[in-house]
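Scroll down for the structure; my scribbles are underneath it.
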Amino acid sequence: MSELTRLTLAEMRKKLDLHEISSSELTAAFLDEIKSRDGDIGAFLTVTDELAGDSAQKYDTACAKGEKGSILSGIPAAIKDNICTKGVKTTCASRILEDFVPCYDATVMEKLKAQGVVMLGKVNMDEFAMGSTTENSAFHVTKNPVDTTCVPGGSSGGSAAAVAAGFAPFALGSDTGGSIRQPAAFCGVVGMKPTYGSVSRYGLVAFASSLDQIGPMTKNVLDNALVFSAISGHDVRDATSIADGYADPVADIEKGVRGMKVALPVEFFAEGIDQDVKDSIYAAAKRFELLGASISEVKMPALADALPAYYVISSAEASSNLARFDGVRYGKRAETYGDIDELYKNTRNEGFGEEVKRRIMLGTFALSSGYYDAYYKKALQARSLIIAEYEKVFEKYDFILSPVAPTPAYKLGSKTGNPIEMYLGDIYTVPVNIAGVPALSMPCGMTESGLPIGMQLIGKALSEPLLYRAGYAFERM
């Protein structure tokens, strides 16, 4: 791995500002890494080498004229392939969008471009963000850079793998039920699932609109805070965007956690959790105590309903959102059909993968006449209870400490035949999306075989600065 690609984002910024390196040199180093090593990892679906070179040269030219940019100016990045990029394919890792080229940028892309970020390309994912392993991509499987026999997690597995492998200093992912945090934990990087509405979803291809959230993945906590600061904020084009209440996530990052109260939900340490994961989270709790925080166990019984509620709500919303892919307006169209009904059926049958079809059918069933009250309505009621439970905890505690996943990364192919077992792996992450609160995933230990173990810090709405502050203190220790 090149010395340049080992640098943190903050270190790159310093070297660029001191003119010790150019953006073109930095970009070339990452493109060389991708070219030489991504064949073994499979993080990228599209590499935009010419576009990246032009963007880097543009920054270098402006820099030579004495112009000053932002914290991310001239820094390369990788983008999950469900975030619209003008003039660059956005496939959602699906055959149905295999040749789709957006005519506009997502809001997060507009913000990154305005700050001079260099896009290296689009990275792999589970099709339409449905999955936990990045094995559901229609194009290829992504491997975990820490151990290439293991999954990188999902659905933002390409984003996590790109950062962990040194292919990009940061990547954007999306999180509907843990899709940033779980791959971050599996690959040993830092991932933030922001407060719902704090980062615009305009231009994010929807899976479940009330749960989806774009967020950053980086090598360390400070870098993550810098990227979050760049992409967050109100957007009039997103009706769910939060208008105000944002605070600088970096300003107080060095103040530590002394005096903070941390909750440890007992429900997260019941049967099913790997012993290495359990030990690492308890060890993390001890470290926070050494840093001056107080740890208390709490009970959150409503979390038991989170997983079934999530899969009903997310599948119902997916059923509605994916109805737009019908072969009429854009995307793939079946070549043979007799009438309009056959056009719909053949297009969707050929274009969607098995996991996407499974969730569409589940969601359509939950919304159908006679079953709406039995399933979807009850899921929404459970959601209200879960939100109330988090609010109650945050009346007394600053943040919640929990595992990200019940196990470390597992072997490729080991759970593809049992989707229910794979769904159970989301048990610690989906409550956060249901409640709409932020959560930071970061490394906290290793298994005996060298696989990363992640913890998540969960806070109340718009508490990202506090979570970064806690994560930064833990990381420095």
Side-chain angles (χ1 to χ4, degrees), residues 126 131-135 142-157 160-161 164 175 177-191 193 217 262-288 295 297-301 303-304 306-308 310-311 400-433 439-458 471 474-475:
D126 287 297
S132 304
T133 63
T134 317
E135 294 173 295
T142 298
K143 300 174 183 177
N144 191 322
V146 179
D147 181 344
T148 54
T149 67
C150 292
V151 300
S155 64
S156 305
D175 193 312
S179 291
I180 286 174
R181 290 161 288 151
Q182 184 247 30
F186 280 10
C187 293
V189 299
V190 177
K193 181 268 165 193
M217 306 177 81
V262 184
L264 206 63
V266 295
E267 289 80 6
F268 284 169
F269 298 93
E271 291 183 19
I273 186 170
D274 184 271
Q275 191 61 45
D276 283 342
V277 174
K278 189 174 184 178
D279 291 344
S280 292
I281 301 302
Y282 280 127
K286 291 292 184 184
R287 290 191 197 177
F288 276 119
I295 311 290
E297 290 188 337
V298 297
K299 291 184 178 181
M300 301 180 70
L303 297 185
L307 200 63
Y310 167 81
Y311 275 100
I400 295 168
L401 171 64
S402 88
V404 176
T407 68
Y410 40 85
K411 296 295 182 183
L412 289 160
S414 63
K415 296 189 178 182
T416 52
N418 190 343
I420 300 300
E421 186 179 353
M422 194 176 297
Y423 296 167
L424 289 173
D426 298 334
I427 190 168
Y428 303 137
T429 52
V430 297
V432 168
N433 298 78
L440 179 70
S441 171
M442 61 182 293
C444 69
M446 302 281 281
T447 66
E448 288 186 6
S449 60
L451 291 172
I453 295 172
M455 65 177 182
Q456 64 175 342
L457 312 180
I458 306 166
F474 181 91
E475 189 177 71

Are Phe474 and Cys444 packed together at the side-chain level, in the sense that at least one heavy-atom pair is separated by less than 4.5 angstrom?
yes
Less than 4.5 Å apart, any side-chain heavy atom of Thr133 and any of Lys415?
no
Which heavy atom of Ala164 sits nearest to which heavy atom of Cys187, and what is that distance?
CB-O, 3.6 Å
Flag, side chain of Glu135 to backbone of Leu412, donor-acceptor distance under 3.5 Å:
no
State, to 0.1 Å, how close Gly425 and Pro406 come at their nearest heavy-atom pair, and which atoms those are.
O-CD, 3.5 Å
Asn144: which residues meet the side chain to side chain donor-acceptor pair (under 3.5 Å) condition with it, sequence neighbours left out?
none
Which pairs with one or both residues in residues 444-456 pass salt bridge (charged side-chain N to carboxylate O under 4.0 Å, His left out), sequence neighbours excluded?
none
Looking only at the aromatic ring of each residue, does the gap between the centers of Tyr310 and Tyr423 stay below 6.0 angstrom?
no
Side chain to side chain contact (heavy atoms under 4.5 Å, CB included) between Asp147 and Lys411: does it pass, once the steps are laid out?
CA-CA 9 Å; Asp147 181 344; Lys411 296 295 182 183; 3.8 Å; yes
I need the minimum non-hydrogen distance between Gly154 and Pro183, along with the two atoms involved.
O-CD, 3.5 Å
dist Ile295:CD1 -> Leu264:CG (nearest 0.5 Å) comes out at 7.0 Å
So do Val146 and Phe186 actually touch side chain to side chain, heavy atoms under 4.5 Å?
no
Testing the basics here: between Pro308 and Ala304, what is the closest heavy-atom pair and its distance to 0.1 Å?
CD-O, 4.0 Å
Examine the side chains of Thr142 and Thr134 and answer whether a donor and an acceptor come within less than 3.5 Å of each other.
no
Can you confirm whether Pro443 sits close enough to Ile453 that some side-chain heavy atom of one is under 4.5 Å from a side-chain heavy atom of the other?
no
Distance, nearest 0.5 Å, that separates CD1 of Ile281 from CZ of Phe268
11.0 Å
Side chains of Leu401 and Leu457: closer than 4.5 Å at any heavy-atom pair?
yes
If we only count heavy atoms from C-beta on, is the Val262 to Ile400 side-chain gap below 4.5 Å?
no
The complete set of side-chain hydrogen bond (donor to acceptor under 3.5 Å, both in side chains) pairs with one or both residues in residues 263-276, sequence neighbours excluded, reads Gln275-Asp279
Taking every heavy atom of Leu424 against every heavy atom of Leu307, the minimum-distance pair comes out as CD2-CD2, 3.6 Å
Working for side chain to side chain contact (heavy atoms under 4.5 Å, CB included), residues Glu475 and Val190:
CA-CA 10 Å; Glu475 189 177 71; Val190 177; 4.3 Å; yes
Just so I know, are the side chains of Asp175 and Ser156 near enough to count as touching, which here means a heavy-atom distance under 4.5 Å?
no
Would you say the side-chain atoms of Thr429 pair up with the backbone N or O of Gly177, donor to acceptor, closer than 3.5 Å?
yes
From CA spacing to verdict: side chain to side chain contact (heavy atoms under 4.5 Å, CB included), Tyr282, Lys278
CA-CA 6 Å; Tyr282 280 127; Lys278 189 174 184 178; 3.7 Å; yes
Checking Ala185 now: which residues fulfil side-chain contact (heavy atoms from CB on, under 4.5 Å) with it, not counting sequence neighbours?
Val404, Ser441
Just wondering, do Ile180 and Met217 contact through their side chains at under 4.5 Å, heavy atoms?
yes
Side chain to side chain donor-acceptor pair (under 3.5 Å) against Gln456, all qualifying residues, sequence neighbours excluded
Arg181, Ser402
Between Gln182 (side chain only) and Ala405 (backbone N and O only), is there a donor and an acceptor less than 3.5 Å apart?
no
Minimal heavy-atom distance between Ala160 and Ala184, with the atoms involved, is CB-N, 4.2 Å
Pairing residues for Tyr410 by the side chain to side chain donor-acceptor pair (under 3.5 Å) criterion, not counting sequence neighbours
none
